[in-house]
A.B. asks: 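Here it is, the structure, as structure tokens.
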Amino acid sequence: MQKLIFPEHFQWGTATASYQIEGAWNADGRGLSIWDVFSHTPGKVKNGDTGDVACDSYHRIDEDVALLQKLGVKVYRFSVAWPRIYPEGTGTLNKPGLDYYHRLVDALLAADIEPFCTLYHWDLPQALQEKGGWDNRETIDHFVHYAETLFQQFNGKIKNWITINEPWCVSILSNYLGAHAPGNQDLQMALDIGHHLLLAHGKTVQRFRQLNMEGQIGIAPNVSWNEPYSNREEDVAAARRMRGACNEWFLDPLFKGSYPDFMVAWYQKMGASVNIQPEDMAIIQQPIDFLGINYYTGSLVTYKQGEGDYDGEDVEEGRERTDIGWNIYPEGFYNVLTWLTEQYGDVPIYITENGACYNDEVQNGKVADTRRIAYLQKHLLQLHRAIASGVNMKGYMTWSLMDNFEWAEGYSKRFGIVHVNFETLVRTPKQSFEWYQQVIAHNRLEV
Ligand SMILES: CO[C@H](O)c1c[n+]2c([nH]1)[C@H](O)[C@@H](O)[C@H](O)[C@H]2CO
């Protein structure tokens with residue numbers, strides 16, 4: 001048995017998001033979000049599931065923080081629901097909503113757990129959506145105002161801030177593919193929304209600096225690793241487009257101040273282009289303190305004309321898949337992390353999401369989720385390899401602390417290291433929780 005030691009002060013954690021765990025969808029003045037509207041629309045979410053109750057974490061701060069304390073994490077990534085703070089997106093501040101997050105943050109600090117706060121994890125106030133949502137540039141300034149409120153309220157208590165979770169999901173998945181709220185299917189709109197999200201990020205970082213805030217700020221894009229099935233030119237180009245849509249499309253503006261030419265040309269072929277105003281790219285390229293990376297899967301890609309949006313098709317290699325159908329591709333984790341460092345330099349990185357979906361059930365009070373342990377072990381091994389090769393890795397937060405509302409999949413897909421019975425809301429730590437507890441306690445991985 002090999003013992004792989006992680007760096008001293010490596011920050012182990014776990015992650016959740018407001019709409020996926022809080023419930024209390026209409027409690028204490030909370031306004032409607034686009035996910036309330038989307039999940040209440042028949043046919044949008046599997047089994048008609050909604051986030052109305054979810055894990056009821058809004059009423060279970062002490063119970064959830066006790067789980068985190070038992071796990072032994074140093075950091076806990078959660079998100080704030082914008083509609084709890086500004087029910088209409090702007091205007092009147094909702095104090096009971098703010099008080100909930102003060103209670104949560106105070107409980108985390110009392111348990112010696114660092115809050116890692118995501119400002120936007122997809123639950124846009126519906127009132128802003130009705131004025132165009134992220135497609136309306138005015139939403140950018142409403143976001144900065146919302147962020148500034150939280151900065152002023154929590155300065156010194158929250159020292160780790162993430163502006164936007166996964167701009168690709170908010171723009172392409174939600175406004176071109178239409179799979180997530182609000183469900184538009186318009187490529188031009190999606191590219192403009194992606195641009196506005198990056199602007200909202202950049203302006204928020206500027207405000208963070210102007211306020212002389214304590215701590216650090218970053219962004220958490222999702223990345224994927226897609227390699228060519230062969231060294232044929234068309235396979236290489238197809239894999240590059242699949243990666244480019246997810247990775248470079250957002251990372252190049254953040255670190256290089258421009259969109260990748262090969263993707264600009266591709267989108268122009270699809271009839272869309274980004275509407276950039278003169279100051280935009282300089283605002284987007286604000287220096288950040290860390291990059292959050294969400295990694296789950298990868299694939300081999302072969303060219304197939306007309307397939308998908310990038311003339312590329314994933315090759316079926318017979319790899320094991322998780323219960324959400326994603327390839328288990330641990331070497332892609334190492335590849336994407338070393339690629340990021342080669343492309344964008346020595347930026348400090350936190351893994352803000354990595355985990356596996358297995359629809360495990362409680363048997364005799366236990367959940368023997370050995371496949372999830374195997375997934376995590378394989379990915380932490382690759383993470384250790386990346387650190388050994390010089391990637392500036394600061395911490396790792398597994399997705400997720402507990403089973404929760406998995407967006408369009410509702411409660412049919414479980415990512416938690418804690419099982420949640422959605423009838424009774426009873427939480428049951430899984431075998432993976434106990435395994436991860438040991439990894440954290442010893443700061444090492446045994447392989
Ligand atoms: C390709 O996966 C994406 O990177 C991704 C996966 N996930 C995410 N993004 C979201 O940030 C979470 O809210 C999801 O619950 C989680 C699991 O689906």
Side-chain angles (χ1 to χ4, degrees), residues 13-22 33-35 38-39 45-46 49 51 54-55 57 76-81 116-124 162-174 177 179-181 194 197 218-226 242-243 245-247 249-251 291-299 308 314 321-330 332-333 336-337 340 349-359 372 375-376 379 396-418 420 422 432:
T14 185
T16 63
S18 45
Y19 190 76
Q20 296 184 268
I21 67 163
E22 288 178 0
S33 77
I34 57 174
W35 267 96
F38 194 75
S39 66
V45 176
K46 195 172 276 186
D49 290 340
C55 308
S57 287
Y76 173 54
R77 180 184 175 221
F78 64 95
S79 77
V80 172
F116 230 94
C117 178
T118 306
L119 290 162
Y120 188 71
H121 201 126
W122 306 355
D123 37 4
L124 183 74
I162 292 168
T163 53
I164 308 283
N165 181 68
E166 300 193 344
W168 180 87
C169 286
V170 183
S171 52
I172 298 291
L173 185 64
S174 306
L177 303 179
H180 280 194
L197 288 163
I219 185 170
N222 54 296
V223 294
S224 76
W225 188 255
N226 311 96
M242 297 269 268
R243 278 206 313 271
C246 200
N247 304 349
W249 187 257
F250 298 99
L251 291 165
L291 184 60
I293 289 296
N294 297 353
Y295 176 85
Y296 288 85
T297 185
S299 68
D314 285 353
R321 292 173 184 265
T322 64
D323 284 354
I324 200 166
W326 298 345
N327 270 338
I328 298 178
Y329 205 109
F333 199 19
V336 78
L337 290 171
L340 276 166
I349 296 176
Y350 288 86
I351 303 303
T352 38
E353 287 182 31
N354 173 249
C357 170
Y358 287 109
N359 296 322
R372 181 172 288 105
Y375 175 100
L376 295 174
H379 285 76
Y396 172 90
M397 296 157 223
T398 190
W399 184 271
S400 175
L401 169 64
M402 64 180 89
D403 298 334
N404 57 51
F405 178 80
E406 179 48 39
W407 307 114
E409 297 291 341
Y411 299 104
S412 71
K413 299 290 184 293
R414 294 174 178 270
F415 276 87
I417 56 174
V418 173
V420 176
F422 290 105
S432 55

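Atoms within a ligand are numbered from 1 in the order they appear, just like the ligands themselves. When a residue number appears, it is its place in the shown sequence, counting from 1. Everything numeric here is computed off the predicted structure, so don't read it as measured data. Values below: all heavy atoms of this structure, side chains included; hydrogens, waters and symmetry mates excluded.
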A.B. asks: Can you list everything that forms a salt bridge (charged side-chain N to carboxylate O under 4.0 Å, His left out) with Arg414? Sequence neighbours excluded, please.
C.D. replies: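 Expected list: Glu361, Asp403.
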A.B. asks: Under 6.0 Å between ring centres, would you say that holds for Phe116 and Tyr350?
C.D. replies: yes
A.B. asks: Working to the nearest 0.5 Å, report the span between CG of Asn404 and OG of Ser57.
C.D. replies: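 Output value for this atom pair is 8.5 Å.
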A.B. asks: So which protein residues pack against ligand 1 under 4.0 Å, heavy atoms counted?
C.D. replies: Gln20, His121, Trp122, Asn165, Glu166, Asn222, Tyr296, Trp326, Glu353, Trp399, Glu406, Trp407, Phe415
A.B. asks: Run through Phe405, Phe78, Phe38 and flag the one making a ring-ring contact (aromatic ring centres under 6.0 Å, His included) with Tyr19.
C.D. replies: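 So, applying the ring-ring contact (aromatic ring centres under 6.0 Å, His included) to Tyr19 and each of Phe405, Phe78, Phe38, only Phe405 qualifies.
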A.B. asks: Quick one: does Arg243's side chain have a donor or acceptor within less than 3.5 Å of a partner on Asn226's backbone?
C.D. replies: yes
A.B. asks: Does Glu406 form a salt bridge (charged side-chain N to carboxylate O under 4.0 Å, His left out) with Lys46? I'd like the steps, not just the answer.
C.D. replies: CA-CA 10 Å; Glu406 179 48 39; Lys46 195 172 276 186; over 6 Å; no
